Student: 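Handing you this structure, nothing more for now.
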Amino acid sequence: MKLAQLVGQRLKEAPREAGTPSHVYLLRGGYARPVAAGIFTLLPLARKVTAKIEAIIRREMNRIGGQEVLMPVVLPEELWHESGRASDVGAELLRFRDRNDKPMVLAMTHEEAVCQIARSEIFSYRQLPCMLYQIQRKYRDEARPRAGLIRVREFSMKDAYSFHASQEDLEHYYQQAHQAYERIFQRVGLTDVVSIQSDTGMMGGAVSHEFMALASCGEDTLLMSPDGSYRANREVATAAHSFSREEPLPLEKVHTPGKQTIEQVAEFLGADKQRTGKAVFYLDADKKLVYAMVRGDFEVNESKLRKHLGTLRLEPADEGAIRAAGAEPGYASPMDIAQDKARMVIDPSVAESSNLIVGANEPDYHYRNFNYSRDVKEAEIADIATVRPGDPCPVTGEPLLEKRGIEVGNIFQLGEKYSRPMQCTYLDEQGREKFLLMGCYGIGVGRTMAAVMEQSHDDYGPVWPMSIAPFQVHLCALNSRKPEVREAADRLYQQLQEAEVEVIYDDRNEKAGFMFSDADLIGAPLRLVVSPKTLAQGQVEFKTRDGSEKAMFEQEQAVAEICKRVEAALNYST
RNA sequence: CGGGACGUAGCGCAGUCUGGCAGCGCGUUUGACUGGGGGUCAAAAGGUCGCGAGUUCGAAUCUCGCCGUCCCGACCA
């Protein structure tokens with residue numbers, strides 16, 4: 001391919017909307033163009049990269065017995081009613097009607113569709129286990145797309161679904177999938193990927209892991225022990241706190257005029273925030289009030305709370321709802337909540353501490369010396385506190401580190417979550433009808449490309465690993481109007497093509513710096529430069545994009561060297 | 001959905017406060033020179049100033065409404 005004909009202009013300056021490195025280089029390098037918020041066209045460079053990522057995914061899915069299928073993007077909404085998710089998910093699911101006024105949706109994932117196949121095609125334990133996968137587009141009507149291809153509304157995803165006759169078999173396969181994912185991310189060149197415990201969220205199921213590419217622009221927050229033995233999404237992370245108990249002192253009502261926040265109360269009473277209790281009110285999916293309480297120096301973790309409550313939605317409660325349960329906003333007391341009007345969930349940081357300052361349930365008053373076991377009759381105790389960096393690791397006890405990550409993949413043990421409502425059954429050896437046990441496994445393709453860019457770039461552009469580079473070699477002919485340069489470069493171009501090396505050839509009559517800048521933005525791992533200077537020595541210049549190597553070769557040697565390196569880099573073995 | 005910023009040529013921006021010919025740099029086209037990190041000179045093409053109303057002799061500029069994009073938060077397999 002000649003660079004002059006490559007569609008996708010390189011830009012000297014980044015468009016204003018681009019913030020993160022991958023977003024900047026996707027736009028500057030001519031990889032992708034925005035069509036609407038969170039909706040992109042992939043230009044040839046990006047499509048070459050994603051095609052290579054997809055090929056790697058296919059190989060690894062096939063290796064663990066995957067069978068590729070292709071399910072539709074447009075699905076009847078009734079399928080989503082069958083699974084029960086039509087009412088669980090909100091506006092992210094784009095719903096519309098077809099010409100016959102039939103309610104339809106754009107698939108945001110394909111559990112329902114694959115269940116429909118499973119129940120019509122899988123009848124016997126003899127067919128199990130099996131796994132179906134596809135690489136297909138998904139649409140999620142995200143409230144806030146961001147960071148280029150990292151969070152988009154329409155995207156390409158590899159999604160896989162496995163079916164099993166037993167929990168043991170599901171768990172065994174889950175391990176295989178986990179290993180396949182590690183191979184995939186290694187092969188695409190992601191250097192910092194960790195699998196972490198995660199929230200199952202709307203997918204449901206018992207066990208799940210997220211694969212996180214560590215990157216500062218990542219939107220997920222991870223907590224890790226320094227030795228890496230504990231890794232969890234902040235949504236589920238726990239800490240091994242120890243709380244000190246003291247002899248309970250008598251309750252004492254104190255005047256705290258106008259002091260509503262923890263900061264104000266603690267400062268006014270000259271106490272540490274650790275000596276206070278913080279009340280936070282929510283409304284669950286049924287609009288029932290939830291009273292959540294953590295120690296004053298903690299924050300309520302809504303993911304953990306949601307999971308504990310078994311609800312998919314939580315919203316902050318307004319003052320009216322709080323008052324309706326007999327609580328005073330700003331001065332809420334855990335002792336005066338009408339039990340039938342609110343669910344009270346108390347974090348161990350409160351339940352296991354002594355003599356805390358809490359609200360007195362009337363304006364401008366707090367209590368000192370609140371003790372959960374003495375002062376509260378009925379409440380649920382659950383870990384609902386957000387873990388902070390520095391908190392003690394639940395495994396090693398060391399201070400936890402906080403990192404940011406891009407979720408490039410995830411795997412779930414779904415069990416019967418979908419097979420039961422959708423009636424996906426098979427007959428076991430005894431002829432009994434049973435529900436299929438399912439696992440599901442996703443990888444975001446475009447997001448993976450962006451994550452590689454985030455992890456592998458310099459000030460001039462992406463530095464692609466050979467395995468997914470849009471081109472393997474960038475050939476520059478400097479001063480190409482000189483016949484000897486053109487002749488030598490043309491010959492190199494031809495030889496490389498004949499050797500089936502993927503080469504981008506820049507024979508434009510441009511200044512060296514201009515051409516090098518374009519080459520940096522395209523990011524091919526190897527570069528050859530032909531110029532009057534190199535030809536004076538009968539040679540061409542060889543460079544690696546990462547700057548680690550530079551050498552002069554005779555032409556034939558150069559071709560041989562390139563072939564050798566391309567082959568070596570792609571010859572992946574496990 | 002809450003808060004903030006922005007919308008003028010393909011990209012980056014000035015002009016808007018204080019109404020009066022639509023500008024600059026880069027990129028693109030043509031030619032010459034140049035030749036190892038976005039070069040120089042000359043010429044050229046390229047605009048419903050986000051959209052719609054209104055005020056005015058006159059609106060990119062003032063007023064009202066709408067749309068879009070980005071950032072922070074909420075939300076999110």
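Naming: A, B, ... by sequence-line order, numbering from 1 per chain. This one's a predicted model, so the numbers in the text were calculated from it and none came from an experiment.
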Student: Are the charged groups of A/E299 and A/K278 less than 4.0 angstrom apart, N to O?
Tutor: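 Answer for the salt bridge query: yes.
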Student: Please pick, from B/rC11, B/rG36, B/rA74, the nucleotide with the shortest atom-to-atom distance to any side-chain atom of A/E302.
Tutor: B/rA74
Student: Decide, yes or no, whether a salt bridge links A/R486 with A/D507 under the criterion of side-chain N to carboxylate O below 4.0 Å.
Tutor: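 Yes, this pair counts.
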Student: Please classify the nucleic acid contact of A/L521 as base, sugar-phosphate, or nothing, using heavy-atom distances under 4.0 Å.
Tutor: base
Student: Once you apply the 3.5 Å cut-off to both distances, tell me the Watson-Crick or G-U wobble partner of B/rC66, or none.
Tutor: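 B/rG50 is the nucleotide pairing with B/rC66.
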Student: Applying the Watson-Crick and G-U wobble criteria at under 3.5 Å, what pairs with B/rG2? Answer none if nothing qualifies.
Tutor: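 Across any shown strand, B/rG2 pairs with B/rC72.
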Student: Could you tell me how far B/rA42 sits from B/rG36 if I compare only their P atoms? Round to whole Å.
Tutor: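 Pairwise P distance, B/rG36 against B/rA42, rounds to 23 Å.
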Student: Between A/R144 and B/rC72, is there a contact of a side-chain N or O with OP1 or OP2 at under 4.0 Å?
Tutor: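 Yes, within the criterion.
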Student: Paired with B/rU56: which nucleotide, if any, by Watson-Crick or G-U wobble criteria at under 3.5 Å for both distances?
Tutor: none
Student: Taking any strand in view, what nucleotide pairs with B/rC41 in a Watson-Crick or G-U wobble way, both distances under 3.5 Å?
Tutor: B/rG31
Student: Would you say that more than 12 heavy atoms from the other residues, nucleotides or ligands in this model lie under 6.0 Å from the OH of A/Y460, or not?
Tutor: no
Student: Can you tell me how far C1' of B/rU69 sits from CD of A/E17, to the nearest Å?
Tutor: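 Atom CD in A/E17 sits about 7 Å away from atom C1' in B/rU69.
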Student: Considering only heavy atoms and no angle criterion, is a donor-acceptor pair shorter than 3.5 Å present between the side chain of A/R28 and the base of B/rG38?
Tutor: yes
Student: Assess whether one donor atom and one acceptor atom, taken from the side chain of A/N509 and the base of B/rG35, lie less than 3.5 Å apart.
Tutor: yes
Student: Using a distance-only criterion (donor-acceptor N/O pair, under 3.5 Å, no hydrogens), is the base of B/rG36 paired with the side chain of A/E541?
Tutor: yes
Student: Send over the distance from A/L27 CG to B/rU69 P, rounded to a whole Å.
Tutor: 15 Å
Student: Give a yes or no on whether a salt bridge exists between A/K138 and A/D159, defined as a side-chain N under 4.0 angstrom from a carboxylate O.
Tutor: yes
Student: Using atom P of each nucleotide, how far apart are B/rG2 and B/rG38 to the nearest Å?
Tutor: 48 Å
Student: Report the distance from atom CZ of A/F40 to atom P of B/rU69, rounded to the nearest whole Å.
Tutor: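 Result: 11 Å.
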Student: Let's test this: given Watson-Crick or G-U wobble pairing with both distances under 3.5 Å, identify the partner of B/rG23.
Tutor: B/rC13
Student: Could you work out which one of B/rC76, B/rG38, B/rG12 sits closest to the side chain of A/E13?
Tutor: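 That would be B/rG12.
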Student: Atom CD of residue position A/E78 - does it have more than 12 heavy atoms of other residues, nucleotides or ligands inside 6.0 Å?
Tutor: no
Student: Distance criterion of 3.5 Å, no angle test: do you see the side chain of A/K543 paired donor-to-acceptor with the base of B/rG37?
Tutor: yes
Student: Could you tell me whether the side chain of A/R481 has a donor or acceptor atom within less than 3.5 Å of a complementary atom in the base of B/rU34?
Tutor: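 Result: at least one qualifying N/O pair found.
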Student: Could you please name the partner base of B/rU18, counting Watson-Crick and G-U wobble pairs only when both distances are under 3.5 Å?
Tutor: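 For B/rU18, the partner nucleotide comes out as none, under the 3.5 Å rule.
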Student: Rounded to whole angstrom units, what separation is found between the CZ atom of A/R527 and the C1' atom of B/rG36?
Tutor: 11 Å
